[in-house]
Every structure is written in C-alpha cells, then in structure tokens.
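Step one of this worksheet: look at the structure below.
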Amino acid sequence: MILALETSCDDTCAAVVDGGRVLSNVVSSQAAFHERYGGVVPEIASRHHLELVNRVVSAALEEAGTSLAEVDQVAVTQGPGLIGALLVGLSTAKGLAAPLRKPLVGVNHLQGHVAANFLEPDPLEPPFLCLIASGGHTLLAGVRDPSGFEVMGQTLDDAAGEAFDKGARLLGLGYPGGPAIQGAAEAGDEEAFDFPVAMSERGLDFSFSGLKTALVYRVRDLGPEETEGRRADLAASFQRAIVDQLVGKLRRAARGGEWPAIALGGGVAANTELRARTQVVCEELGLRLKLVPVALCTDNAAMIASAARFTESIPYPDYLSFDAFATGQAVRAA
C-alpha cells in the first residue's frame, strides 16, 4: 500500500493506492487564489501547500480507512514543476517516511500522467502512445513498459494548457483557461476565425506561441466591443486550433502501426473536444482508446502512487539527501 503526495503546481494532493486500486484520492485546488492573476503565482502556491498538505494527507488516510503505520512506502513527486511547491511535498514525504523508517519513492510528474492509465478499473497495458498535455507540458510519449517512456515529440515553446490559460486571459474568461474556453466555445462557431496550426506538415513536435500571438493581434484588431460580442466565436476557433495540432500530431505518430492503443494524460486531456476527436482517430486507425476519468487527468496523487509501483524505492536514510528538480532529471543534494 502506497501513500503518495503531489504538489508540483497549485493543487495539494494525497492518495492511498493498494496495487492498482485507488482507496482515496484527495485534491485541494488553489485555483480560486490564482484566478485574479490569470495564472499560478509560484510563491502563493508554495505557501498554500504549506498550509494544506498535512490536512490533505490526513484526509487521504482517513478516507482510505488506514494509517501511516500500515502504509508500505511513501511516494512523492520529485519534479518537474515549481521548485518551491515541489519542496513542500518532498519535505513532507520525508517527514512522514523517516520516523517509521519507511522507504521513499521519488516520482517524475510526467511519468505519473502516463501511469494514471495503469490504475483500475480497466488498466491499460503497454505498448501504447500517450499524449500528455497540461499547463506546463505537452509531449507525445511512446510507452513500451510501465517504468518509463520515450519522448517522441514535445512543445518547442508554450504548452497547450499554457496557451489555453493565456488565451482565456486575453478574452476575459478567467482562470483556469481550459474549462473557461471550453465553456465559452460551446456557444461559438469554430470556423469563425482561421487561427494558425503550427508545424502541421512535419514532425511530432508542437508549438503554440504563434497561435497565442495570432489571438493577441485578432483581439487588438477587433477592439474591446467587438471582441466581447464575438468572444464565443474566438474561444471556439482558438480551441479548435489547439485541438487540431494535438490530434494531428497524435494521428501522425499512430499511423506507423507500432502502437495498438492511444491514451491521454494531463489537464488538457479533460477537454471534451480533444477526447471526442481522439476517439475519431482511434476509430479510423482501428486502435484502442483509453480515457482515464477527468479526476485522473488533472494533477492528483493517485497517478503518482501508480507510477511508484514501477519505480525503485529508496531505503531510509538514503533519501534524506534527495532534492526536488524543476526541470531535467532528479539530483542528489550536496
């Protein structure tokens, strides 16, 4: 049985997982605190993690009907993410594991999104192709075994979720941007504006900075009054351009015939248009589609516990010198 913590961004999360069964999965969102800024403020996120993490862990243990003493190991997101936020989770995990001499598992956040697909019910077995799209990351992962993945393509600038957030702010739709734009787009015409889909003719890498700039210019040209009147059309067209690029790269990667299944991960994977368009791709190519519940798309600790099942644990006291990492690979503190 694994107790896992996830604090890589603005959600304070704890979960208890036994094998592939999720016994509890508690998430305390900070979205309301960051909404006024149109995005996550790292220092505010870290301070709220400090206030919330102990209560979230207690809630996860209580909901699972267990105690820390009964947990076999503690898992925690080690990176990538906001370094201050990560340190809160990592320090808490060490503090929980060390007194009871329990092993610790440091988990890569992106591997967590992949590993959400291994949870019950209906776990997905490798090999499969996984599109991870969130506020901080966008990449295509080739998954051949449960312990890792191969990066087949990734964003060269903004992440898809970042584009949603910035687009929503430009349109005055609030934060988080993904749900806000999706909601506005439901009343709009996705063909009203022709936004660019970058790198559509080559490769598996992504780029969303040009799309963001195109929206800036369009809003400027329309002016405040017309922008407000056509907000739904702008949202629908902007969302279509993001989804077009994601689905286009996914289709290109899947056409090789190497992957019998496709999965989605990350907060953007909760987008209904993306889920529907991916379903169409899978039907066209005869592939299985795995869609985890929306609660497992956004940041959560159940996915971290799932990844920990396939990651080597670190015995006490070796993990006391382990540090968080914002980007790249994990490192041991000096």
Side-chain angles (χ1 to χ4, degrees), residues 4 6-13 15 25-35 37-42 45 48-49 77 79-82 85-86 89 107-117 119 130-141 149 154-155 157-169 173-185 206 208 211-212 235 238-239 241-243 245-247 249-250 262-278 290-304 306-307:
E6 153 61 33
T7 62
S8 64
C9 192
D10 63 330
D11 290 326
T12 311
C13 315
N25 190 27
V26 178
V27 178
S28 180
S29 174
Q30 300 180 23
F33 296 106
H34 300 279
E35 184 175 6
Y37 306 106
V40 177
V41 179
H48 281 292
H49 284 313
T77 304
L82 304 176
L86 288 164
V107 173
N108 184 296
H109 178 78
L110 300 177
Q111 180 62 28
H113 281 303
V114 171
N117 294 285
L119 291 167
C130 186
L131 171 66
I132 302 173
S134 66
H137 310 279
T138 300
L139 61 90
L140 278 171
F149 60 85
Q154 59 189 325
T155 184
D157 39 63
D158 292 349
E162 184 180 1
F164 271 120
D165 287 341
K166 291 177 177 178
R169 187 172 185 177
L173 292 172
Y175 174 85
I181 284 184
Q182 178 179 293
F206 304 87
F208 297 100
L211 172 61
K212 176 194 64 181
F238 187 76
Q239 175 179 258
I242 293 176
V243 173
Q245 186 174 168
L246 294 173
V247 172
K249 301 293 185 176
L250 193 56
I262 287 177
L264 301 178
V268 177
N271 180 274
T272 55
E273 180 69 14
L274 175 60
R275 292 164 85 91
R277 294 272 300 278
T278 304
K290 169 66 175 180
L291 293 176
V292 299
V294 171
L296 295 178
C297 292
T298 52
D299 288 352
N300 66 92
M303 70 181 194
I304 301 304
S306 181

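Everything quoted here is computed from the prediction, not taken from an experiment. These values consider heavy atoms only, across backbone and side chains, with no hydrogens, waters or symmetry-generated copies.
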To the nearest 0.5 Å, how far apart are CD in Gln245 and OG1 in Thr138? 8.5 Å
Do Asp157 side-chain atoms and Phe208 backbone N/O form a donor-acceptor pair below 3.5 Å? yes
Please enumerate all residues that pass side chain to side chain contact (heavy atoms under 4.5 Å, CB included) together with Leu86, with sequence neighbours excluded. Ser8, Thr77, Ala324
Is there side-chain contact between Ile132 and Val114, with at least one heavy-atom pair below 4.5 Å? yes
What's the spacing between Lys249 NZ and Phe206 CZ if we round to 0.5 Å? 7.0 Å
Under the side chain to side chain donor-acceptor pair (under 3.5 Å) rule, collect the residues that match up with His137, sequence neighbours excluded. none
Hey, does Leu173 have a side-chain heavy atom less than 4.5 Å from the side chain of Ile181? yes
Any Leu264 side-chain heavy atom under 4.5 Å of Leu250 side chain: yes
In terms of the angle between their ring planes, are His109 and His113 parallel, tilted or perpendicular, with boundaries placed at 30° and 60°? perpendicular
Verdict with reasoning, Glu273 to Gln182, per side chain to side chain contact (heavy atoms under 4.5 Å, CB included): CA-CA 8 Å; Glu273 180 69 14; Gln182 178 179 293; 6.0 Å; no
Show the nearest heavy-atom pair for residues Ala269 and Leu274, with the distance to one decimal. CA-CD2, 4.1 Å
Hey, are the side chains of Cys297 and Arg275 touching, using non-hydrogen atoms and a 4.5 Å cut-off? yes
Quick check: does any side chain N or O of Asn300 sit under 3.5 Å from a backbone N or O of Thr298, one acting as donor and the other as acceptor? yes
What residues form a side chain to side chain donor-acceptor pair (under 3.5 Å) with Thr12, not counting sequence neighbours? His49
Which residues share a side chain to side chain donor-acceptor pair (under 3.5 Å) with Asn25, sequence neighbours left out: none
Partners passing salt bridge (Lys or Arg N to Asp or Glu O under 4.0 Å) against Lys166 (at least two apart in sequence or in another chain): Asp158, Glu162
With Thr278 as reference, evaluate Ile262, Leu291, Asn271 under the side-chain contact (heavy atoms from CB on, under 4.5 Å) test and give the passing residue. Ile262
Residue list, side chain to side chain donor-acceptor pair (under 3.5 Å) with Gln111, at least two apart or on another chain: none
